[in-house]
Chemist: 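Before I ask anything, here is the structure I am working with.
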Amino acid sequence: MVIVFVIDNYGILTNGTTMTAYRFVEALKERGHQVRVVSVGVQGPDMYGLKERYIPIVTPVAHKQQMIFAKYDKGVMQEALTGADVVHFFMPWQLARRGLHLAKKMGVPATAAFHVQPENITYGAGLNKLGAPIAHLIYAWFRLTFYRRVEHIHCPSSFIARELVKHHYTGRLHVISNGVGPAFRPAPAPGPALKPSSQTTSVSKPPLQQVSASGAPLQPEPGLFHILMVGRFAPEKRQDVLIKAIKQSRYEKQIQLHLAGAGPREKKLRRLASSLTNQATFGFYKQEELINLIHSCDLYVHAADVEIEAIACLEAIACGKVPVISDSKKSATGQFALDERSLFKAGSSRDLARKIDYWIEHAEERAAMEAAYAERAQVYRLEYSIRKAEQMFDAARQDEQTRRIEQQSPGKEYKRSLNKGIPTRLFSIVFYYIIAIPLLWLYCTFVLRVRFKNRSNLRKVRRKSGAVLVANHVHTLDSAMVGLAAFPKKPVFTSLPSNFKLPVAGFLVNALGSVPIPTSLTEGRIFFYELSRLLRHRRFIHVFPEGELVKFDETLRPFKRGAFQLAVEASVPVVPVRISFRKRKWGLLRFLFGQTIYVRIGNPQYPDPHLLEREAATNLMERTREEMERLGG
């Protein structure tokens, strides 16, 4: 594929987003793709250089945060997009907004990453006390000005994907780790700590030296307990909490702190750390030097309050280091902790000091957990992330082809049968709630004796997202039973195309808002594309994974993958529903009402975001079947 990366600041490698872009470019090239980069000041083959954009007041502040903004150039962008298979945007700024508009005009499929967490902006501006409402407004601004026009969004963690769903983002969310490089692995033996390089790849700042508070070169001292934290020296990263925790530790005189990174708060952190018994080291490291430093340290701490993924923490874990991580609700990093010993209360230096003391006192436990953490990092390896990124790019290309098919016959006709017209939808809503639901409730409750169990499982899902409802197909009215279980939500029912042609039943099937299942490959692509969009808009889709109806069958027949593939593509849960029958053995009316029908709703099964799509669909299908077996047991 010819892939275009659009990023404002490709040259500043002290920035985590830039490092991610750089690693992805190199890895994609190794896999045979042509990658073009559009950014400020880049030169060379497949590089399309732009000028820096100056924004009064904002630009000087951004420079302190190692950020620059690119000035949009239509000619350069058009040249980069010509002949491209897909374009990927890293930032939601002017360059991406105008570039996306051009890409749509040129018919180039587009994807975008969500690397700019609004809480980072509020912290950087000193507005953390008013952070929540302002961050909410920034989420809305990003969505309205950029992300609502992007179908595929790269989320570096499940945490940020949940945040986007909470803030009403309706794009298809791909959870793809920024990726740990292959060089980050446990050392066979402890390596010596290195001084930072005399050169740095930053284009906007002179190289940083690893020095003490007095300005003299400093290396980790032997015989001490070494603690490392990697990250920008910015307010939200909370290196200050770590420094205070070391001061409160019972073993303060035995600890040496190493802070790797760069940023505007370096002077303040140096002053804060100047009173430590063992002088802290500060520096920006090249990859090889950073790996050696990680290997030489005993414990890794990540104290940030705000973090989309924290690739630095993952790299330390991949090198076999036990982490101690903030449990902040605005940080994704806590997901890497294997137990409570590796979590501390966000912002609490006292709690962090207790966790540090624990790992100092339990060296054998720390050694045992190092192997467990190294194994934990395998799913976040860069090569796996690249495969998932390729999958996202390919999905964007296929969706663009599907949109073109929908504009032609017979694709246009099938799309109309799925979405229906506004009059049909309005009639369906009125008919469903005013006529169908009351009559079906009366009939199912008093004639069929239908009883519902665990409807709370559906209520939990209904508040948060859409869902795929799957049930065993064992009764003529089992769709109605599922509809009653989901009330007041109105599910989209799937039905055989032949059912729409029946004299009376066909009218009812259509009036209830059912959609025909596909009968060809072209219809299948449209079916998945349109229903995936409905799911992301918090609709429920009801599917019978067994396919055909077998009345009163007490066993589960083989499932088809379609429902689970749909759930994976839309990043929504599958809610299992098991319908079973029990004959009445007592009562005066047992001959008239010979059985009771139980509709049991199981626990929602969520797709594993770390698996490739096909693997995730298979895994989801197996877990759903196990849950339905449990419901019938």
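Values reported hereafter were calculated over all heavy atoms of this structure, with side chains retained and with hydrogens, waters and symmetry mates removed. Please read these numbers as outputs of a predicted model, since none were measured by experiment.
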Chemist: Can E365 and R341 be counted as an ion pair, charged N to O under 4.0 angstrom?
Modeler: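 The answer is yes: the pair qualifies as a salt bridge.
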Chemist: Between K388 and E383, does any NZ, NE, NH1 or NH2 come within less than 4.0 Å of an OD or OE carboxylate oxygen?
Modeler: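 Result for this pair is no, no salt bridge flagged.
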Chemist: Identify whether the distance between the nearest side-chain nitrogen and carboxylate oxygen of E622 and R625 falls below 4.0 Å.
Modeler: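 Between R625 and E622 there is no salt bridge, as every charged N stays at least 4.0 Å from the carboxylate O atoms.
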Chemist: Specify whether F393 and H88 have parallel, tilted or perpendicular ring planes, treating 30° as the upper limit for parallel and 60° as the lower limit for perpendicular.
Modeler: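 Judged by the thresholds at 30° and 60°, the geometry between F393 and H88 is perpendicular.
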Chemist: Is K330 salt-bridged to E163, cutoff N-O under 4.0 Å?
Modeler: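 So K330 pairs with E163 through a salt bridge.
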Chemist: Do H154 and F90 have ring centroids that are under 6.0 Å from one another?
Modeler: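 Centroid distance F90-H154: not below 6.0 Å, so no.
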Chemist: Could you measure the distance from the CD atom of E119 to the CD1 atom of I134? Nearest 0.5 Å is fine.
Modeler: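 The CD atom of E119 sits 11.0 Å away from the CD1 atom of I134.
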Chemist: Using the benzene-type ring in the case of Trp, are the ring centres of F24 and F5 under 6.0 Å apart?
Modeler: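 No: the rings miss the under 6.0 Å criterion.
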Chemist: Y139 vs H167 aromatic rings, parallel, tilted or perpendicular, using cut-offs 30° and 60°?
Modeler: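 If you compare the ring of Y139 with that of H167, the planes turn out parallel.
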Chemist: Less than 4.0 angstrom from a charged side-chain N to a carboxylate O is my criterion; do R397 and D399 meet it?
Modeler: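 Judged by the 4.0 Å cut-off on N to carboxylate O distance, R397 and D399 do not form a salt bridge.
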Chemist: Does the ring-ring contact (aromatic ring centres under 6.0 Å, His included) test come out yes or no for W141 and Y147, once each step is laid out?
Modeler: CA-CA 9 Å; W141 178 54; Y147 287 103; over 10 Å; no
Chemist: Sub-3.5 Å donor-acceptor pair from the side chain of E289 to the main-chain atoms of K286, do we have one?
Modeler: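 Side chain of E289 to backbone of K286, a donor-acceptor pair under 3.5 Å: yes, one is there.
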Chemist: Would you check if P604 and N457 make a side-chain contact, meaning some heavy-atom pair closer than 4.5 Å?
Modeler: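 Yes, at least one pair of side-chain atoms sits under 4.5 Å.
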Chemist: Mark yes or no for whether S385, through its side chain, and N178, through its backbone, hold a donor-acceptor pair below 3.5 Å.
Modeler: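 Checking the backbone N and O of N178 against the side chain of S385, no donor-acceptor pair under 3.5 Å is found.
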Chemist: Carefully, step by step, assess R265 and Q239 under the rule side-chain hydrogen bond (donor to acceptor under 3.5 Å, both in side chains).
Modeler: CA-CA 10 Å; R265 283 171 61 89; Q239 288 94 343; 5.6 Å; no
Chemist: Does the gap between the ring centers of W359 and F225 come in under 6.0 Å?
Modeler: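 Ring centroids of W359 and F225 are no less than 6.0 Å from each other.
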Chemist: Return the orientation label for the Y22 and Y10 ring planes: parallel under 30°, perpendicular over 60°, tilted otherwise.
Modeler: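 It falls in the tilted class, 30° to 60°.
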Chemist: Between E530 and R403, is there a salt bridge with N-O shorter than 4.0 Å?
Modeler: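 No.
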Chemist: How about F336 and Y380: are their ring centres within less than 6.0 Å of each other?
Modeler: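 Centroid distance F336-Y380: below 6.0 Å, so yes.
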Chemist: Near Q378 CD, under 6.0 Å, is it more than 12 heavy atoms from other residues, nucleotides or ligands?
Modeler: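 For Q378, atom CD is crowded (more than 12 foreign heavy atoms under 6.0 Å).
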Chemist: Would you indicate whether R614, at its atom CZ, is surrounded by more than 12 heavy atoms from other residues, nucleotides or ligands within a distance under 6.0 Å?
Modeler: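 Not buried by this count: 12 neighbours or fewer within 6.0 Å.
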Chemist: Indicate yes or no: at least one non-hydrogen side-chain atom of V6 is less than 4.5 angstrom from one of M77.
Modeler: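 V6 reaches M77 side chain to side chain.
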Chemist: Cation-pi check, R36 to Y48: give yes when NZ or CZ is under 6.0 Å from the six-membered ring centre and within 45° of the ring axis, no otherwise.
Modeler: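 No, R36 and Y48 do not form such a contact.
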